[in-house]
**Student:** 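Provided herewith is a single structure, encoded as structure tokens, for subsequent inquiry.
Note: hydrogens, waters and symmetry copies are ignored here, and every other heavy atom, side chains too, is used. Letters A, B, ... are given to chains in the order of the sequence lines, protein chains preceding strands, and every chain is numbered from 1.
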Amino acid sequence: MRGSLHAVAFDVAGQHGVIVAEGGAVLADGSAAELAAVMHRAEQAAGEPPRWVWWDAATAAGPIARAGGFLHRCWDLAEAHRLLVGGFDAAQDRVWAVAHGLDPDGAPARRSDDLFDVIDDDSVVIRPDGYLNPVCLQPHWQRANLSEYAALALTVARKQLALLATRERGAGTGASESGAALLCVELTAHGLPIDRPTMELLITEHAGPRPADEAQARQIRADRDRGVLDLLPGRSSIDLRNPVQVRDLLRSLGVQVEDTRAWNLEPYRDTHPVVGALLDWRKDERIATTYGWQWLDGHVGDDGRLRGPWTACDGGAGRMTAGAGLHSLPTPLRPGVAAADGYVLVRADLGQVEPRVLAVVSGDPAFARATAADDLYATVARQLNLERPAAKLAVLAAMYGQTSGPAAEALRRMDRTYPRAMAYLRAAAQRGEAGESVTTYGGRTVPVTNGGDQAHRRAVGRFTRNAVVQGAAAELFKAWALTARNALRPLDAEVVLCLHDELLVHAPAQHAEAAAAAVQESLEAAARRWSGAAPVRFVADLRVIRRWSEAKD
DNA sequence: GATTTCACGTA
DNA sequence: CGTACGTGAAATCC
């Protein structure tokens with residue numbers, strides 16, 4: 001990893017921070033605004049810009065982002081640690097231990113943040129056995145020893161870089177995942193632009209008007225329920241929110257289902273009118289309870305931005321996660337996501353990303369050739385001598401571990417035509433079934449739970465089979481998102497949503513075309529870098545729109 | 001009061 | 001006997 005490492009640390013409140021260079025020199029010591037100015041100058045200076053190192057992005061980069069700072073390259077100890085060992089737990093004592101080749105479960109017990117039990121305990125930062133003194137985990141110690149705390153981050157970063165260098169692409173993925181965590185800080189801070197009047201209209205449509213008090217809320221719920229209950233004369237006492245009652249009711253109407261989940265009920269829409277009414281009621285009820293007035297008040301600020309917590313990776317294959325409904329906003333509400341006046345949204349989503357990723361990670365030359373087409377499944381269909389729907393099913397079945405049903409014959413053809421891709425997936429499944437972790441293309445450890453019966457082991461196999469594809473797709477996506485973030489900065493445009501294979505960018509209207517071009521070029525650059533110029537094509541559908549809903553075909 | 005089950009939103 | 005996560009209501013556990 002080229003360029004010098006500079007550590008950044010803040011107190012928990014984000015009031016006071018330091019920048020420490022390798023060798024221990026303190027380059028800055030003050031407020032977030034002062035640090036941001038120093039960092040900006042360092043990035044503008046001639047030569048290789050520094051890579052900013054921090055224990056975690058939220059604490060160190062949060063104050064910088066809120067002060068208007070913008071940084072290009074970083075190293076996030078928590079994200080690198082998650083790559084190294086898998087899972088989500090990145091407590092600092094474990095990060096230190098893993099970086100130093102020590103058993104993280106052997107780390108000394110943590111202390112409460114209590115001044116009394118540390119008085120005789122803070123003489124040595126690194127214990128004789130190599131573990132970090134637990135006192136260093138305590139906010140008051142970090143606040144009082146900020147530059148030492150930052151210097152520790154540099155020590156860990158160098159160790160992590162050495163460990164990741166033993167994995168192909170490991171160091172590059174560490175940088176990219178670190179950048180994704182920085183992007184998450186910005187996503188959390190900036191939020192997704194919402195057209196509040198439109199969103200209020202849509203919520204009213206599905207959940208009813210904003211209730212003034214609890215009595216009115218009850219009345220609105222009762223009104224919503226009546227649409228279903230009116231179809232059930234004499235049964236108006238049943239509780240639609242109680243799955244057991246609903247199941248027993250449906251059984252009495254001749255609808256025999258194990259549970260009342262929508263995909264089980266959908267075939268019975270025409271059996272009894274109450275089934276369709278119930279399914280429609282559930283959609284409105286979902287919006288009322290999860291994406292209704294409480295959600296709007298709780299997560300959409302006075303500035304019309306929807307904010308929720310973002311994480312750069314989950315504890316599994318490593319996809320980004322988001323709260324506050326940002327990853328599960330119901331389609332009917334998407335017209336309420338809209339560019340501000342004078343701005344546009346650039347929506348870009350990757351086409352058929354998982355099979356294209358499989359072509360890269362498995363190095364299957366025949367499968368790679370299929371990615372040359374805009375519609376990969378059409379080419380696969382020709383190569384397998386199948387109809388397109390059957391070919392698509394076969395590819396998905398291979399990646400998800402489905403073995404039964406109509407996919408069986410198609411899977412045999414896949415084996416003959418794409419032996420390397422299929423062997424790659426099978427190897428991942430076998431490792432999972434044996435209770436062994438898998439490593440993604442970018443070098444992320446995906447741990448698995450050990451033991452269990454055969455059904456459980458099979459389930460773990462399906463998980464690891466999917467994780468090596470889903471995880472690699474997440475790595476490519478984050479590399480793309482981060483590249484786009486940096487390229488969009490000069491246009492005053494910003495990424496406002498990441499949705500697994502879809503990017504939403506908020507851009508000044510006069511820079512709409514330039515922003516769209518930057519997103520497209522970022523994909524090409526990121527894919528080239530990530531795939532090592534493998535002969536695999538990635539495609540994105542790009543549109544300039546005002547409302548998220550306009551993107552739907 | 002905390003955890004589990006059911007359900008459903010997204011990819 | 002296709003994967004993941006986040007959220008909320010009700011049931012269940014302690």
Side-chain angles (χ1 to χ4, degrees), chain A residues 88 192 206-207 221 239-247 257-266 278-292 294-295 298-299 308-334 337 349-354 357-358 392-408 411 425 428-429 432-433 438 440 446 448 453-474 477 497-504 548 551-552:
Chain A
F88 191 75
L192 180 68
H206 291 92
R221 271 199 299 275
D239 180 358
L240 297 174
R241 293 164 187 82
N242 183 326
V244 175
Q245 287 189 32
V246 171
R247 187 195 62 193
V257 283
E258 275 306 305
D259 59 57
T260 70
R261 289 172 154 89
W263 56 86
N264 287 329
L265 291 185
E266 204 58 57
L278 178 70
L279 290 169
D280 295 342
W281 172 89
R282 284 241 181 98
K283 293 209 178 298
D284 288 345
E285 174 76 1
R286 165 66 47 182
I287 290 177
T289 55
T290 307
Y291 306 101
Q294 270 198 313
W295 167 80
H299 304 291
W310 286 85
T311 60
C313 74
D314 58 34
R319 295 219 289 198
M320 293 174 79
T321 70
L326 282 156
H327 271 179
S328 50
L329 202 66
T331 318
L333 297 187
R334 291 189 176 188
V337 176
D349 80 306
L350 298 175
Q352 306 167 337
V353 63
E354 293 197 339
V357 160
L358 174 60
K392 178 175 178 177
L393 222 60
V395 172
L396 295 177
M399 292 189 300
Y400 292 147
Q402 190 183 29
T403 53
S404 58
L411 282 168
L425 293 168
E433 286 183 28
V438 292
T440 65
V446 180
V448 298
D453 57 14
Q454 190 190 10
H456 179 257
R457 290 200 301 274
R458 287 276 174 81
V460 174
R462 282 195 302 281
F463 166 67
T464 49
R465 174 188 284 267
N466 183 252
V468 290
V469 177
Q470 192 190 95
F477 178 83
L497 186 74
C498 294
L499 194 42
H500 306 316
D501 65 355
E502 178 176 349
L503 273 181
L504 212 52
W548 196 11
K552 291 294 163 210

**Student:** Rounding to an integer number of Å, can you tell me how far Leu503(A) CG sits from dA11(B) P?
**Tutor:**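 Value for this atom pair: 14 Å.
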**Student:** Please tell me whether Arg282(A) and Thr260(A) have a donor and an acceptor in their side chains that are separated by less than 3.5 angstrom.
**Tutor:**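 Distance-only check passes for Arg282(A) and Thr260(A).
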**Student:** Considering only dG6(C), dG8(C), dG9(B), which nucleotide approaches the side chain of Thr321(A) most closely?
**Tutor:**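 Comparing dG6(C), dG8(C), dG9(B) against the side chain of Thr321(A), the answer is dG6(C).
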**Student:** Please confirm whether the shortest side-chain N or O distance from Thr331(A) to OP1 or OP2 of dT10(B) is below 4.0 Å.
**Tutor:**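 Affirmative; the distance criterion is met.
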**Student:** Does Asn242(A) place a side-chain N or O at less than 4.0 Å from the phosphate oxygens OP1/OP2 of dA11(C)?
**Tutor:**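 Asn242(A) to dA11(C) OP1/OP2: side-chain N or O found under 4.0 Å.
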**Student:** Where the side chain of Asp501(A) is concerned, which of dG2(C), dA11(B), dC5(C) is the nearest nucleotide?
**Tutor:**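 Comparing dG2(C), dA11(B), dC5(C) against the side chain of Asp501(A), the answer is dA11(B).
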**Student:** Under 30°, 30 to 60°, or over 60°: which ring-plane class applies to His299(A) and Trp295(A), parallel, tilted or perpendicular?
**Tutor:**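 Plane angle between 30° and 60°, so tilted.
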**Student:** Can you tell me if Glu433(A) uses its side chain to pair, donor with acceptor, with the backbone of Gly461(A) under 3.5 Å?
**Tutor:**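 It does not hold such a pair.
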**Student:** Ignoring backbone atoms, establish whether Lys283(A) has a side-chain N or O less than 4.0 Å from OP1 or OP2 of dC8(B).
**Tutor:**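 Checking dC8(B) against Lys283(A), no side-chain N or O comes under 4.0 Å of OP1 or OP2.
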**Student:** In this structure, how many angstroms lie between the C1' atom of dG6(C) and the NE2 atom of His327(A), rounded?
**Tutor:**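 Computing the His327(A):NE2 to dG6(C):C1' distance gives 10 Å.
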**Student:** Ile287(A) has an atom CD1; how far is it from atom P of dG6(C), in whole Å?
**Tutor:**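 Interatomic distance, CD1 of Ile287(A) to P of dG6(C): 21 Å.
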**Student:** What nucleotide among dT10(B), dC6(B), dG2(C) has an atom nearest to a side-chain atom of Arg462(A)?
**Tutor:**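 Selected nucleotide (nearest to the side chain): dG2(C).
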**Student:** What nucleotide, of dG9(B), dT3(C), dC6(B), holds the atom closest to the side chain of Tyr291(A)?
**Tutor:**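 Nearest to the side-chain atoms of Tyr291(A), counting from C-beta on, is dG9(B).
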**Student:** Counting distance only, does the side-chain N/O of Arg465(A) pair as donor-acceptor with the main-chain N or O of Ala398(A) below 3.5 Å?
**Tutor:**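 Flag set: sc Arg465(A) to bb Ala398(A) pair under 3.5 Å.
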**Student:** Name the nucleic acid region contacted by Ala455(A), choosing base, sugar-phosphate or nothing; use a 4.0 angstrom heavy-atom cut-off, strictly under.
**Tutor:**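 No contact.
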**Student:** Give a yes/no answer on whether the side chain of Arg286(A) brings an N or O atom under 4.0 Å of OP1 or OP2 in dC8(B).
**Tutor:**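 So the side-chain polar atoms of Arg286(A) never come under 4.0 Å of the phosphate oxygens OP1 or OP2 of dC8(B).
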**Student:** Can you tell which of dA11(B), dC5(C), dC6(B) lies closest to the side chain of His500(A)?
**Tutor:**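 Nucleotide nearest to His500(A)'s side chain: dA11(B).
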**Student:** Can you check the Asp259(A) CG to dA10(C) P distance for me, whole Å?
**Tutor:**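 In whole Å, dA10(C) P lies 18 Å from Asp259(A) CG.
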**Student:** In whole Å, what is the span from the CD atom of Gln245(A) to the C1' atom of dC6(B)?
**Tutor:**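 Checked: the CD to C1' distance equals 14 Å.
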**Student:** Identify which nucleotide among dA4(C), dT7(C), dA7(B) has an atom closest to any side-chain atom of Phe463(A), counting heavy atoms from C-beta outward.
**Tutor:**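 Nearest to the side chain of Phe463(A) among the choices is dA4(C).
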**Student:** With hydrogens left out and only the distance checked, is there a donor-acceptor pair under 3.5 Å joining Arg319(A)'s side chain and the base of dA11(B)?
**Tutor:**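 Check passes, donor-acceptor contact within cut-off.
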**Student:** From CG of Leu393(A) over to C1' of dG2(C), roughly how many Å is that when rounded to an integer?
**Tutor:**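 For the pair Leu393(A) CG and dG2(C) C1', the rounded distance is 10 Å.
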**Student:** Measure up the His327(A) and Trp310(A) rings against each other and bin them: parallel (under 30°), tilted (30 to 60°), perpendicular (over 60°).
**Tutor:**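 His327(A) and Trp310(A): perpendicular rings.
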**Student:** On the nucleotide dA10(C), are OP1 or OP2 found under 4.0 Å from the side-chain N or O atoms that Arg241(A) carries?
**Tutor:**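 No.
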**Student:** Using a heavy-atom cut-off of 4.0 Å across all strands, would you classify Leu396(A) as base, sugar-phosphate, or nothing?
**Tutor:**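 Leu396(A): no heavy atom of the nucleic acid under 4.0 Å.
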**Student:** Tell me which nucleotide among dG2(C), dT3(C), dG8(C) gets nearest to the side chain of Tyr400(A).
**Tutor:**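 Among the listed nucleotides, the one closest to the side chain of Tyr400(A) is dG2(C).
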**Student:** For the side chain of Thr260(A), counting heavy atoms from C-beta on, which of dA10(C), dA7(B), dT7(C) is nearest?
**Tutor:**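 Within the option list, the nearest is dA7(B).
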**Student:** Out of dT3(C), dA7(B), dG2(C), which has the shortest distance to the side chain of Gln470(A)?
**Tutor:**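 The nucleotide sitting nearest to the side chain is dT3(C).
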**Student:** Would one find a side-chain N or O of Ser328(A) under 4.0 angstrom from OP1 or OP2 of dC5(C)?
**Tutor:**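 Answer no for this pair, as no side-chain N or O of Ser328(A) is under 4.0 Å from OP1 or OP2.
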**Student:** Contact class for Ala397(A) vs. all strands (heavy atom < 4.0 Å): base, sugar-phosphate, or nothing?
**Tutor:**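 If one applies the 4.0 Å heavy-atom cut-off, Ala397(A) turns out to touch nothing in the nucleic acid.
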**Student:** Verify the neighbour count for atom CD of Gln294(A): are there more than 12 heavy atoms of other residues, nucleotides or ligands below 6.0 Å?
**Tutor:**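 It does not: Gln294(A) CD has 12 such atoms or fewer within range.
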**Student:** Could you check how far CG of Asp284(A) sits from C1' of dA9(C), rounded to whole Å?
**Tutor:**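 Result: 17 Å.
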**Student:** Select base, sugar-phosphate, or nothing to describe what Ala317(A) touches, counting heavy atoms under 4.0 Å on all strands.
**Tutor:**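 If one applies the 4.0 Å heavy-atom cut-off, Ala317(A) turns out to touch nothing in the nucleic acid.
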**Student:** Roughly, in whole Å, what's the span from CG in Leu333(A) to C1' in dT10(B)?
**Tutor:**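 Going from Leu333(A) (CG) to dT10(B) (C1'), I get 12 Å.
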**Student:** Counting the atoms with a prime plus P, OP1 and OP2 as sugar-phosphate, which does Arg458(A) contact under 4.0 Å by heavy atoms, base, sugar-phosphate, or nothing?
**Tutor:**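 Result for Arg458(A) = nothing.
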**Student:** Looking at Thr440(A), Val353(A), Leu358(A), which one forms a side-chain contact (heavy atoms from CB on, under 4.5 Å) with Val469(A)?
**Tutor:**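 So the option named by the test is Leu358(A).
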